[in-house]
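Values below: all heavy atoms of this structure, side chains included; hydrogens, waters and symmetry mates excluded. Owing to the predicted nature of the structure, the values given are computational and were not obtained by experimental measurement.
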Protein chains: 2
Amino acid sequence: MNIKEIARQAQVSVATVSRVLNHPELVQPETRAHILEVMARHNYTPNWFARRLNLARTNTIALLVPNIEGGINQKVVAGVESVATKKGSTVLLCSTHGRPEEEDRLLRMVFDRRVDGVICSSSNLTQARLNECGLGSSAFVLIGQGDGEMTACYINFEGIAYKMTQHLLGLGRRRIDLLLDETGHSRNDPIISGYRRALLDADVQQGHIHMAAGGLRGGYLAARRLFATETLPDAIFAGSDDLAFGVMKAARDDGVDIPARLAVVGFDDSLLCDLVTPELTSIEQPSKRLGMVAARLLFDLIEDAQIAETVPQEVVLQPKLKIRRSCGNKKYIHELFD
Amino acid sequence: MNIKEIARQAQVSVATVSRVLNHPELVQPETRAHILEVMARHNYTPNWFARRLNLARTNTIALLVPNIEGGINQKVVAGVESVATKKGSTVLLCSTHGRPEEEDRLLRMVFDRRVDGVICSSSNLTQARLNECGLGSSAFVLIGQGDGEMTACYINFEGIAYKMTQHLLGLGRRRIDLLLDETGHSRNDPIISGYRRALLDADVQQGHIHMAAGGLRGGYLAARRLFATETLPDAIFAGSDDLAFGVMKAARDDGVDIPARLAVVGFDDSLLCDLVTPELTSIEQPSKRLGMVAARLLFDLIEDAQIAETVPQEVVLQPKLKIRRSCGNKKYIHELFD
DNA sequence: CTGAAAGCGCTTACAG
DNA sequence: CTGAAAGCGCTTACAG
């Protein structure tokens, strides 16, 4: 069923049919009603492609993330999706697996499809690369720290790492080690930098930085290695909750008392932080809000092209310390079940 | 930049340009090379909408899930995405929030966009509703148990609930209670049915079925209520790991020994099952595989319309028991860190 | 308020 | 192997 057929059956021109779709106020109420009736009767829905060939917007945005399985991206996706739905747009979701070539391929692809805009979570995207992909003048929002040339939003890992380190120092811990996921989370760099800055400011000697394979298991193995070969630090600041959980498991196996002998803190404030013993001190990240902010920025760009003309905007979201018991904190601060 | 301009610059007709895009073997190697060169120089990419207006396939599939944030859906999404990418298709992802009206709206919308096919995770979709949305003759795969009229795939919750109950009985537990998430996971019904069947077959009296709010907290509160008001069952079979973790936390607070006095088992085999003490016996679900299977079924339908003519196909995936210590199992069966 | 016509950017029989 | 032309299904000035 197409517009011509509808026009024939309604005994009007295709122009009139098209008008009830696009500018209903321009057509006489009676004819309009009649045409709508014919459309309904035939379950007619205009061909999307033919339509978009003539129209500017596609009501589609693209979202590229390193991988969908990552717990954090998942919340970002949900945040973007919720805003997009409110705006009447749908989301084309793509996984880049963190590979730049794959990012480029997908960027070209979504541009090809004339999406209204693109949100991309990436750690190595520059305006120059964007230009190469033909996205130079499109609405685009980066999730992550860009080169300052792009509209971007990200979580302030540096600042919170500073605060967490400071917190541990405040509890009397001196040698604080960092344990990071070697699968190059883009957050490693800012964490290291915040951590170092805090130690410098407090005039405390820098601790060791350990790299581990990702996840519970990676944290476990790294911690056991550390326990076996080095003098025990006073605290381990892990780059993810999973790593921290692994450290806790290792500590239990090796008889290292947490938090008396060793403080352990994590990074994602996952649900399970409250369950483990002792409860894990961690960092709450506004992941869903990050997605929502990115989407809002994007729709600002889409709806008002002028904004893009101005200096690119950067939105920085602040995470929060969630103090529990694994850091050696004595005061009652946070309890989930009351 | 459009095809006409490329044709002009390459001094050929648009037909020839179009041919190097669609049937390169039909154009002389030299002209082809020349045209490709001109295209590359201008960074030309054909208009997707104009193209799809003439072509049959859009290389896009739609995936509707109740919500993206759910840990299980997330893996399903990843599974679908990985297969789609291999097939050169992209995924239009939509959240239905489990609301039928929203499902209908989105189904119409994606159909509108001429996607090649649709995968929908739903607990109340019928072929009849599909027909109403105009998707009657489209390639469609249901994730969930359908009305037998649709191609579908799902996880056999009934069977695994039977097995888990049987396992608990085998360990000498007699009164086994069920603890379910009241936010109507569609899996509640099959779990109840498998559980009841196992007790019937073993000629053991049915236990109680408790409904709880979702998550850790829901499990915790429900368990504390149970401990305070009823005689303790021998085992609690929780409908999700989070619920089970909540029960474990409650048991610790109330001094109920797990597994000596009370066995607890969960349902998702989340990463943390190995971390808690005692390690949580649970059920491993092939969620990612579910997504992959759904996508494969869909591409079968897309690539060979004949298949749809035959009787609708149903694929049932089998989950696996992950026996650990919280059920009172004595033998060494499973250990993550060795 | 309505219609005839040109145009969006492509693809593909049809002739040569 | 290549080109002129019709057509995909819509939208929107332009006239009336």
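Residues A:Ser82 and A:Thr85 have side chains that never bring a donor and an acceptor to within less than 3.5 angstrom of each other. A donor-acceptor contact closer than 3.5 angstrom is absent between the side chains of B:His34 and B:Gln11.
Of the residues near DNA chain C, A:Leu26 and A:Val14, the one whose nearest nucleotide (by heavy atom distance) lies more toward the 5' end is A:Leu26. Position along DNA chain D of the nearest nucleotide to B:Ala50 versus B:Glu25 favours B:Glu25 as the more 5'-ward residue.
Partners of B:Asn124 according to the side chain to side chain contact (heavy atoms under 4.5 Å, CB included) rule, which considers only residues two or more places apart in sequence or in another chain, are B:Pro100, B:Glu103, B:Ser122, B:Arg129. Partners of B:Phe111 according to the ring-ring contact (aromatic ring centres under 6.0 Å, His included) rule, which considers only residues two or more places apart in sequence or in another chain, do not exist here. Partners of A:Phe140 according to the ring-ring contact (aromatic ring centres under 6.0 Å, His included) rule, which considers only residues two or more places apart in sequence or in another chain, do not exist here.
Heavy-atom neighbours of A:Arg114 CZ from other residues, nucleotides or ligands within 6.0 Å: above the threshold of 12. With a 6.0 Å radius and a threshold of 12 heavy atoms from other residues, nucleotides or ligands, B:Arg289 has its CZ atom at or below the threshold.
Classification of the B:Phe49-A:Phe49 ring pair by plane angle, with boundaries at 30° and 60°, yields tilted.
Electrostatic pairing of A:Arg105 and A:Glu101 does not count as a salt bridge here, judged by no charged N lying under 4.0 Å from a carboxylate O.
Closest approach of A:Pro286 to A:Ile155, counting heavy atoms only: CD-CD1, 3.8 Å.
On the nucleic acid side, DNA chain D has its first and last nucleotide under 4.0 Å of a heavy atom of chain B at D:dC1 to D:dG9, going 5' to 3'.
Shown for residues 16-24 of chain A: residues whose heavy atoms fall under 4.0 angstrom of DNA chain D, namely A:Ser18, A:Arg19, A:Asn22, A:His23.
Nucleotides C:dG16 and C:dT12, compared at atom C1', are 16 Å apart to the nearest Å.
Secondary-structure stems of DNA chain D, taken as three or more successive Watson-Crick or G-U wobble pairs (i with j, i+1 with j-1) under a 3.5 Å distance threshold, comprise C:1-3 with D:14-16, C:5-12 with D:5-12, C:14-16 with D:1-3.
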